[in-house]
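One structure is given below, encoded as structure tokens.
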Amino acid sequence: MSIENGKSISLKELAALCGGRVVGDENVKVSSIASLDVAKEGELTFLTGHKNFDENAKHLKDEKIAAVITSEDLPELPIPSIRLKNPHLGLIAALNFFRKEIKISYHIHPTAYVSETAKVASDAIIGPNAVVEDGAVIGEKAHIEGCAYVGRNASVGANSHIYPGVRVLDYCVVGSNCIIHSNTVIGSDGYGFAQANGEHIKVPQLGNVVIEDNVEIGACVTIDRSTMESTVIGEGTKTDNQIHIAHNVQIGKKCLLVAQVGISGGAKLGNYVVMAGKTGCIGHVKIGDGSTILACGIVTNNVPDKSYVSGYPAKPHQEELRIKGSLRKLPDLIKRVRDLENKLNEQK
Amino acid sequence: MSIENGKSISLKELAALCGGRVVGDENVKVSSIASLDVAKEGELTFLTGHKNFDENAKHLKDEKIAAVITSEDLPELPIPSIRLKNPHLGLIAALNFFRKEIKISYHIHPTAYVSETAKVASDAIIGPNAVVEDGAVIGEKAHIEGCAYVGRNASVGANSHIYPGVRVLDYCVVGSNCIIHSNTVIGSDGYGFAQANGEHIKVPQLGNVVIEDNVEIGACVTIDRSTMESTVIGEGTKTDNQIHIAHNVQIGKKCLLVAQVGISGGAKLGNYVVMAGKTGCIGHVKIGDGSTILACGIVTNNVPDKSYVSGYPAKPHQEELRIKGSLRKLPDLIKRVRDLENKLNEQK
Amino acid sequence: MSIENGKSISLKELAALCGGRVVGDENVKVSSIASLDVAKEGELTFLTGHKNFDENAKHLKDEKIAAVITSEDLPELPIPSIRLKNPHLGLIAALNFFRKEIKISYHIHPTAYVSETAKVASDAIIGPNAVVEDGAVIGEKAHIEGCAYVGRNASVGANSHIYPGVRVLDYCVVGSNCIIHSNTVIGSDGYGFAQANGEHIKVPQLGNVVIEDNVEIGACVTIDRSTMESTVIGEGTKTDNQIHIAHNVQIGKKCLLVAQVGISGGAKLGNYVVMAGKTGCIGHVKIGDGSTILACGIVTNNVPDKSYVSGYPAKPHQEELRIKGSLRKLPDLIKRVRDLENKLNEQK
């Protein structure tokens with residue numbers, strides 16, 4: 001399907017929206033956008049990267065595609081283009097323009113339950129069968145979708161979007177301009193037990209989770225509440241799906257956590273940390289600002305700022321690469337050592 | 001507990017249902033089935049595999065078990081049996097026969113919310129506190145269980161079973177004869193951001209997810225919607241629980257994805273691909289038809305048809321096995337090389 | 001935030017609650033508790049471990065913290081202390097004392113749906129928009145929170161706490177004094193298919209899940225029902241978040257399963273088994289009593305009692321450590337072997 005909403009826009013207008021530069025006829029109008037391989041005659045599309053450039057250029061012309069958002073550094077194209085240093089900003093502008101708006105006519109849906117002691121901003125939206133418990137606070141223009149749950153004394157900031165099935169549990173705080181995707185749990189108990197007489201005795205988990213402004217959390221993520229104080233997700237951090245963040249964790253600002261990451265209790269991430277898919281760290285480690293943990297890496301010791309690590313235990317990526325490369329030679333190496341031993345024995 | 005529902009069946013009748021052959025008295029009647037180690041006198045059970053055959057045969061007789069569904073290639077047994085080349089087809093027939101049917105007397109439960117603009121087939125069932133949003137379409141005999149959510153303009157095909165807590169989000173499509181297990185999310189936003197001035201700027205995710213017919217999706221799975229166009233799960237594919245499927249992924253027909261798999265954005269799986277537990281792949285790779293990725297394998301490059309790979313990076317399984325085998329010799333190898341060095345030095 | 005609820009307690013009283021011993025003024029009263037690094041004047045705090053002892057002792061005095069719960073084996077401190085051999089038991093007592101109690105005035109919330117054929121104890125609580133289906137049984141003082149779902153003929157034992165969004169599906173059994181965290185699924189279908197003519201034919205999953213008493217299950221966990229009989233989680237076992245437990249699995253008593261563990265079908269864990277984060281096991285393996293699987297370990301063969309294993313395949317941890325240590329020497333080893341080969345060739 002193409003992305004369209006009945007509106008059209010000229011290349012000149014779209015370039016103005018995204019800070020791009022039109023090459024070719026700026027009066028060309030487009031009313032839908034689609035990916036390069038499926039875009040049809042008259043549509044807008046998006047091209048980035050030098051790979052298969054000639055083939056792609058021919059395709060644009062052959063398919064009579066109307067215009068293309070692309071990078072400043074790509075060569076001339078046979079159709080009009082909007083050029084940007086970062087063409088994704090052009091794509092974002094186009095997608096926002098062609099986005100279908102959802103129209104919702106209610107404030108609190110009649111099937112939602114909102115406690116009498118909750119405070120819901122007059123322009124917030126509470127969807128069907130959603131629950132807002134005692135003492136909860138819902139900010140201006142916040143949208144709590146159907147089947148979502150906001151617990152006792154929890155709060156959701158202005159303009160935040162809480163998708164169906166999200167659980168923001170008691171006393172937890174979601175900032176402004178946040179997006180929390182479906183079936184994510186904010187504020188489950190931390191995993192803490194004391195051992196006594198062969199029993200696992202629960203350490204009560206009485207803190208909360210604080211999600212700062214401009215955070216996006218993926219679907220089916222779990223973020224545990226702190227034992228005391230707060231588990232914190234810093235401003236502007238974005239997480240993918242199926243991530244586990246344990247109690248007492250402190251995540252800095254503008255981090256990126258990719259799918260299936262697991263962060264153990266008390267770990268502390270700096271700002272601009274990137275943890276790729278299936279990575280993890282043990283409890284109480286510190287990962288410095290601007291560090292990247294590559295896919296499947298497991299951090300077992302503190303990592304300084306701007307580290308670039310992989311493997312288990314995580315080590316400088318170049319070292320891990322050397323080890324992985326060497327491994328393929330290992331079976332042969334064993335034979336070579338045996339040969340050497342035989343030769344030396346023969347010498348005697 | 002044994003599986004029973006008050007009905008009984010003769011071996012002759014059951015064999016006819018599953019295409020099996022009765023060995024022994026075909027008039028024996030059974031009214032329940034249980035696993036070999038817990039089946040009681042007069043029950044039906046299931047036996048496959050040559051392992052511990054003599055012991056199992058004795059057990060069947062000693063426990064006075066009435067009959068056994070088993071494989072054509074097993075030796076003679078002391079009790080009546082139904083024989084099939086693939087005995088699991090006999091088990092399936094027996095389980096379907098003894099299954100307790102759930103009786104539901106409502107069409108749309110009074111506590112469910114169904115938008116006036118949704119279209120629900122007259123024989124579909126919408127459970128308690130479920131939500132069906134504006135413009136959604138629910139097919140014939142589809143069952144949307146309690147607490148499930150079907151979003152705006154989403155659709156669920158005929159005979160599909162949507163378990164409690166599933167979220168089929170806006171514009172997503174679930175085909176016919178599908179099963180989606182509890183708390184799975186279909187259509188969360190893809191994880192896409194552009195970097196500008198130190199900010200992560202969201203790329204709107206305006207496509208959808210299309211789940212073709214006869215697909216089964218496990219519990220707590222997340223399938224992200226495409227940026228434009230569709231993330232596709234092909235006909236007859238079956239997934240286990242806790243799987244992450246990123247945006248723009250294309251999964252072929254009749255694939256099997258085992259628990260905790262992670263598939264990165266834009267990856268393309270052919271037909272009959274098997275990804276075992278905890279496997280993954282990086283973005284945009286292609287995995288050929290009929291390939292198998294063994295447990296914990298991470299695919300980092302395109303994989304041709306009928307590959308059988310494991311490890312990280314995924315490589316032919318035989319090579320990975322040789323490396324894993326060699327690894328256990330590595331600590332000793334280091335000593336042996338030191339010995340060789342010493343000997344050579346002594347020679348000088 | 002500090003943990004407080006308006007009540008205060010003397011050290012003497014608190015020591016009596018937890019079996020501790022007061023060192024210093026036993027009449028000191030405290031009305032809140034906070035972690036060491038954020039505790040303020042007059043508060044109670046918690047200190048364990050010898051690390052940075054002198055610095056911590058100075059901090060306690062400088063910040064005028066009122067008292068500290070600590071270990072018997074730590075040296076003298078400049079403020080009053082409650083000493084215990086296991087100081088976590090003191091922390092637990094204090095947290096339980098300062099816990100804010102939630103007051104709920106309803107029995108069955110008016111927005112909940114409870115089937116006429118369900119049996120709900122008169123002092124149980126059913127939250128807003130929760131669902132309790134036909135034939136379900138809810139025990140004394142059990143709390144089914146908002147948006148939770150208890151299926152047909154399922155049961156939840158006395159004093160158990162079922163958090164928002166949990167799905168206890170048809171016929172499943174949750175014992176007494178259990179805690180099930182949000183969006184966890186108890187009783188999704190096991191992943192079982194027979195192959196015939198290129199089709200994956202579903203093996204009906206007609207058993208259930210039995211969760212014994214005193215079990216705690218984390219958030220977004222999935223536990224599949226058995227094909228026949230029961231998947232069992234033994235008494236006193238505690239699991240973290242995002243765990244997958246497949247069908248027919250038998251987990252013993254008082255096991256600890258940390259986040260993102262995956263347990264394949266038919267596996268059998270003894271009592272007091274610990275599986276650390278991101279571990280897993282293949283189908284049908286047995287893991288003996290008191291065994292520990294260290295982080296990311298994958299068990300591929302039966303493991304005897306009291307094993308301490310890591311790696312993939314899981315092996316004795318000392319062996320895995322030797323291999324991991326040797327790996328860092330491997331790239332250099334390859335050079336050394338080449339040198340040896342050259343030297344031997346020169347000799348000829």
Side-chain angles (χ1 to χ4, degrees), chain A residues 111 113 129-131 133 147 149 151-152 165 167 169-170 183-185 188-189 191 193-196 198-204 206-208 220-222 224 227-230 242 244 246 260 262 264 278 280 282 298 312-313 315 319 322-323 325-327 329-330 333 336-337 340 343-344 347, chain C residues 1-3 33-35 38 46 86 88-89 91-92 95-96 98-100 102 109-111 127-129 145-147 163-165 179 181-183 214 216 218-220 236-242 254 256 258-260 272 277-278 295-296 324 327-328 330-331 333-334 337-338 340-341 344 347:
Chain A
T111 62
Y113 165 69
N129 282 334
V131 169
E133 288 272 20
C147 301
Y149 176 94
R152 302 161 194 96
R167 316 302 171 195
L169 297 168
D170 297 2
N183 286 356
T184 276
V185 177
S188 36
D189 277 0
Y191 187 68
F193 300 89
Q195 319 306 323
E199 299 287 329
H200 306 304
I201 302 173
K202 181 176 179 67
V203 180
L206 305 184
N208 71 348
C220 285
V221 168
T222 54
D224 281 353
T227 310
M228 300 179 272
E229 294 85 41
S230 303
Q242 308 251 20
H244 164 70
Q260 298 179 321
S264 297
K278 289 187 184 280
I282 67 163
I298 304 291
Y312 174 36
K315 56 189 83 65
E319 184 184 348
R322 270 195 305 274
I323 291 173
S326 302
L327 267 175
K329 299 173 186 163
L330 179 58
L333 191 71
R336 286 161 63 191
V337 169
L340 286 168
K343 280 183 191 168
L344 267 180
Q347 286 186 346
Chain C
M1 66 188 194
S2 305
I3 305 305
I33 183 167
S35 294
V38 299
F46 175 67
N86 182 350
H88 279 93
L89 299 180
L91 175 65
I92 289 170
L95 289 172
N96 279 325
F98 291 123
R99 176 201 290 273
K100 283 189 185 79
I102 291 166
H109 195 275
T111 63
N129 281 335
E145 292 242 34
C147 301
Y163 274 90
I179 301 172
H181 288 286
S182 281
N183 286 357
N214 307 311
E216 181 164 351
C220 285
T237 285
K238 316 286 184 182
T239 92
D240 203 343
N241 302 337
Q242 309 251 18
K254 300 191 170 67
L256 296 173
V258 185
Q260 297 179 322
Y272 289 103
K278 288 187 185 281
C296 302
K324 290 231 164 180
L327 267 175
R328 303 189 89 145
L330 178 58
L333 191 72
I334 292 173
V337 170
R338 200 181 310 124
L340 285 169
E341 289 168 338
L344 267 182
Q347 286 186 344

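Computed from a predicted model, the values in this text were never measured in an experiment. Lettering of chains follows the sequences in order, A, B, ..., and the numbering in each one begins at 1.
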Exercise. Hey, mind stepping through C:Gln242 and A:Gln260 against side-chain hydrogen bond (donor to acceptor under 3.5 Å, both in side chains) and telling me if it holds?
Worked result: CA-CA 9 Å; C:Gln242 309 251 18; A:Gln260 298 179 321; over 6 Å; no

So which part of [X] gets closer than 4.5 Å to some heavy atom of chain A, the side chain, the backbone, both or neither?
{"X": "C:Ser35", "answer": "both"}
{"X": "C:Asp240", "answer": "both"}
{"X": "C:Thr237", "answer": "neither"}
{"X": "C:Leu256", "answer": "both"}

What I'd like to find out is whether the side chain of [X] reaches to under 4.5 Å of the side chain of [Y], using heavy atoms alone.
{"X": "C:Pro164", "Y": "A:Val131", "result": "no"}
{"X": "A:Ser326", "Y": "C:Pro331", "result": "yes"}
{"X": "C:His88", "Y": "A:Gln195", "result": "no"}
{"X": "C:Arg328", "Y": "A:Ile323", "result": "yes"}

Seminar exercise, completed: Highest number of heavy-atom pairs under 4.5 Å with chain A among C:Val258, C:Ile102, C:Thr111, C:Asn214 belongs to C:Ile102

Exercise. Among C:Gly127, C:Ser182, C:Ala259, who wins on heavy-atom pairs under 4.5 Å with chain A?
Worked result: C:Ser182

Is the side chain of [X] donor-acceptor paired with the backbone N or O of [Y] at a distance under 3.5 Å, no angle test?
{"X": "A:Glu229", "Y": "C:Ser2", "answer": "no"}
{"X": "C:Asn241", "Y": "A:Val185", "answer": "no"}
{"X": "C:Lys324", "Y": "A:Tyr312", "answer": "yes"}
{"X": "A:Tyr191", "Y": "C:Lys238", "answer": "yes"}
{"X": "C:Asn129", "Y": "A:Cys147", "answer": "no"}

Exercise. Which one of A:Ile298, A:Leu340, A:Asp224, A:Val221 has the most heavy-atom pairs closer than 4.5 Å to chain C?
Worked result: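 Option with the top pair count is A:Leu340.
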
Out of curiosity, [X] [atom1] to [Y] [atom2], how far, rounded to the nearest 0.5 Å?
{"X": "C:Leu91", "Y": "A:Ile201", "atom1": "CG", "atom2": "CD1", "answer": "12.0 Å"}
{"X": "C:Leu333", "Y": "A:Leu330", "atom1": "CG", "atom2": "CG", "answer": "8.5 Å"}
{"X": "A:Leu327", "Y": "C:Leu327", "atom1": "CG", "atom2": "CG", "answer": "5.5 Å"}
{"X": "C:Ile179", "Y": "A:Asp189", "atom1": "CD1", "atom2": "CG", "answer": "6.5 Å"}
{"X": "A:His244", "Y": "C:Cys220", "atom1": "NE2", "atom2": "SG", "answer": "11.0 Å"}
{"X": "A:Leu206", "Y": "C:Phe98", "atom1": "CG", "atom2": "CZ", "answer": "11.0 Å"}

Quick check on [X] against chain C: is it the side chain, the backbone, both or neither that has a heavy atom closer than 4.5 Å?
{"X": "A:Tyr113", "answer": "both"}
{"X": "A:Ser264", "answer": "neither"}
{"X": "A:Ala246", "answer": "neither"}

Can you name the closest pair of heavy atoms from [X] and [Y] and give their distance?
{"X": "A:Gly198", "Y": "C:Tyr272", "value": "O-OH, 2.6 Å"}
{"X": "A:Gly262", "Y": "C:Lys278", "value": "N-NZ, 3.8 Å"}
{"X": "C:Leu95", "Y": "A:Pro204", "value": "CD1-O, 3.4 Å"}
{"X": "A:His200", "Y": "C:Gly236", "value": "CD2-O, 3.6 Å"}

For this session: Flag the pair C:Glu145 and A:Arg152 as a salt bridge only when some basic side-chain nitrogen lies within less than 4.0 angstrom of an acidic carboxylate oxygen.
Result: yes

